[in-house]
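Each chain gets a letter, A, B and so on, in the order its sequence line appears, and its residues count up from 1.
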Number of protein chains: 2
Amino acid sequence: MARLPVYLQLLSEQFEAGITNISSEELATLGGVNAAKVRKDLSYLGSYGTRGVGYDVEFLVFQIKRELGLTHEWHVVIVGAGNLGQALSGYGGFGERGFPVGGIVDVAEDKIGSVIGGVRVRHIDELAQIVQSRDIAIGVIATPGPAAQDAADALVAAGVTSVLNFAPAIVNTPHGISVRKVDLAVELQILSYHEQRRANARQATKLQAVPGPRGRGASA
Amino acid sequence: MARLPVYLQLLSEQFEAGITNISSEELATLGGVNAAKVRKDLSYLGSYGTRGVGYDVEFLVFQIKRELGLTHEWHVVIVGAGNLGQALSGYGGFGERGFPVGGIVDVAEDKIGSVIGGVRVRHIDELAQIVQSRDIAIGVIATPGPAAQDAADALVAAGVTSVLNFAPAIVNTPHGISVRKVDLAVELQILSYHEQRRANARQATKLQAVPGPRGRGASA
DNA sequence: AGGCGCTTGTGCACACTTTCACAAAGCCGT
DNA sequence: ACGGCTTTGTGAAAGTGTGCACAAGCGCCT
Ligand SMILES: NC(=O)c1ccc[n+]([C@@H]2O[C@H](COP(=O)([O-])OP(=O)(O)OC[C@H]3O[C@@H](n4cnc5c(N)ncnc54)[C@H](O)[C@@H]3O)[C@@H](O)[C@H]2O)c1
Ligand SMILES: NC(=O)c1ccc[n+]([C@@H]2O[C@H](COP(=O)([O-])OP(=O)(O)OC[C@H]3O[C@@H](n4cnc5c(N)ncnc54)[C@H](O)[C@@H]3O)[C@@H](O)[C@H]2O)c1
């Protein structure tokens, strides 16, 4: 489930705060979801709760980590050492959460050799060697959109089986490769959509008119 | 629908490439989804296709933009001028897609006054004034996790009604405020989950054993 | 030891999403 | 002008996910 990482984060926070036990109700409130959903999700891991009491926070953290494959570190390799690649590499939160940067590659000669966040930028031709030497399974694409497919192909060829794509482009990969895309513009457009609807709703209220399903009148 | 931005991007790309007409089948292939789904989604905008021919790309782009509220620019305000805030502000892609940065605020005195991407960093106390002067509806949280709730409260108090949160924390907002969260760690953990499953599958195959539902044996 | 209150785990119904399948509708060649 | 080919738009079916409601189970207090 895609919600397990969220529970993991919440539980980790609670654990840090000294909470040793938590009920599905509390966890649901923290996460802003339904308590029954929390229980269903957690029951997927097995029956690790105690009726009348709740869940042991530490044990649950461990179980979720096991399920998510977070029992060991996963090195990641970043393709593209531009603004974003540098920000990601320099950002400590990556490694803190079990995903240390195992390498950065680029095509631009002027980027190669520079050191960001303790990692030296290397040429993309060395990708396969980097991936294999550290047994890296996850690649991050931080190149411009048009180069994203090339980057993905290079990653797959090097042996990476999971890709996180920040470029605004849809990449095609062979079957069996997991790809996730993070697109800022999409997020903003979804927010803009809600704003748009809010604005339309205000308009309709103000006009006191029969609310027609089609809101015409783009200007003014 | 959350897929409209994706179609918009695909269609824009096709339009740039000189394609004036596209069928639901083609669009579905590009987006990696089912053709019927594409048609259902697009029919939500109205009947803008021509049977036997397909959709006019330019017209469809316009219609989706109208639906998403992208007929005008939405200024955004960024809270937190650290690594990420600076990368976002300096990144041109924001403005290119209709979301120019209308302001950046921070609490740290040493950040205030510096200029990033043509925008001067100002104190968070000026947030309300910035938001109101430019009629800003969208705020971006780029502060550390523990400060995210404060940032959200400040944004809401200033009059922002949509929030994009990059901090690894869940923020609570009053009803009527849209919040979206982008969490790198969550994305990576989902990829790691798939890697984990792949590893388990390999193990099971190698052992030629009856595939038991519980994979024990964490060590070795 | 037994009862009482609390919380889990889950069967079931409902709502929403996805996919199939096909009639209606347009274009083009003859 | 008409028939055949293509593609849309949409009803209906199949599939997923969500939430309610409650029995089963556990701890604690008496
Ligand atoms: N900067 C941001 O805040 C931000 C935010 C969201 C999304 N993005 C997206 O992330 C991507 C990178 O953004 P950026 O600001 O870092 O861009 P950038 O131009 O600063 O960096 C791109 C880097 O990729 C390298 N590159 C180009 N082609 C390559 C290839 N084929 N193989 C390997 N490396 C290659 C370039 O040499 C450059 O160093 C873009 O697609 C952008 O849309 C950026
Ligand atoms: N850097 C990255 O690549 C990256 C990637 C993903 C997520 N993130 C997340 O984004 C957030 C910011 O990351 P960063 O690397 O820019 O951190 P940072 O420490 O560089 O920047 C944080 C900024 O927020 C400011 N700040 C602190 N409290 C504030 C408050 N109450 N109001 C306003 N501003 C406040 C600080 O002064 C600082 O300038 C973090 O939560 C981080 O987890 C960062």
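- Heavy-atom distances under 4.0 Å link DNA chain C to no residue of residues 13-33 of chain B.
- In this structure, Q149(A) contributes its side chain and N172(A) its backbone to a donor-acceptor pair below 3.5 Å.
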What pairs of nitrogen or oxygen atoms, one from the protein and one from nucleotides 11-13 of chain D, lie under 3.5 Å apart?
residue, atom, partner, partner atom, Å
dG11(D), O6, K40(B), NZ, 3.3
dA12(D), N6, K40(B), NZ, 3.3

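- Under the rule for a ring pair (Phe, Tyr, Trp, His ring centres under 6.0 Å), the partners of F59(A) that lie at least two apart in sequence or sit in another chain are Y48(A).
- Of the two residues near DNA chain D, G49(B) and N34(A), the one whose nearest nucleotide lies more 5' is G49(B).
- A donor-acceptor pair under 3.5 Å is formed between the side chain of S192(A) and the backbone N or O of L68(B).
- Looking at Q86(A), its side chain does come within 3.5 Å of a backbone N or O of A81(A) through a donor-acceptor pair.
- Once rounded to the nearest 0.5 Å, the distance linking CD of Q14(A) with CD of E26(A) reads 8.0 Å.
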What does the list of N/O pairs under 3.5 Å between the protein and nucleotides 23-26 of chain D look like, with a distance for each?
residue, atom, partner, partner atom, Å
dA24(D), N3, R51(A), NH1, 2.7
dG25(D), O4', R51(A), NH1, 3.4
dG25(D), N2, G52(A), N, 3.4
dC26(D), O4', R51(A), O, 3.4

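- Judged by distance alone, the side chain of S12(B) and the main-chain N or O of L8(B) form a donor-acceptor pair under 3.5 Å.
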### Query
Do L88(A) and L184(B) pass the side-chain contact (heavy atoms from CB on, under 4.5 Å) test, and can you show the C-alpha distance, the side-chain angles, and the key distance before you say yes or no?
CA-CA 10 Å; L88(A) 291 174; L184(B) 271 206; 3.4 Å; yes
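- Q9(A) and E13(A) share a donor-acceptor pair across their side chains, judged by distance under 3.5 Å alone.
- In summary, contact between chain A and DNA chain C, defined as any nucleotide atom under 4.0 Å from a heavy atom of the protein, begins and ends at dC6(C) to dC12(C) in the 5' to 3' direction.
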Taking only distance into account, with no hydrogens and no angle test, what donor-acceptor pairs under 3.5 Å do side-chain atoms of residues 154-164 of chain B form with protein atoms, sequence neighbours excluded?
residue, atom, partner, partner atom, Å
T161(B), OG1, E195(A), OE1, 3.0
T161(B), OG1, E195(A), OE2, 2.5
S162(B), OG, E195(A), OE2, 2.6
S162(B), OG, R198(A), NH2, 3.1

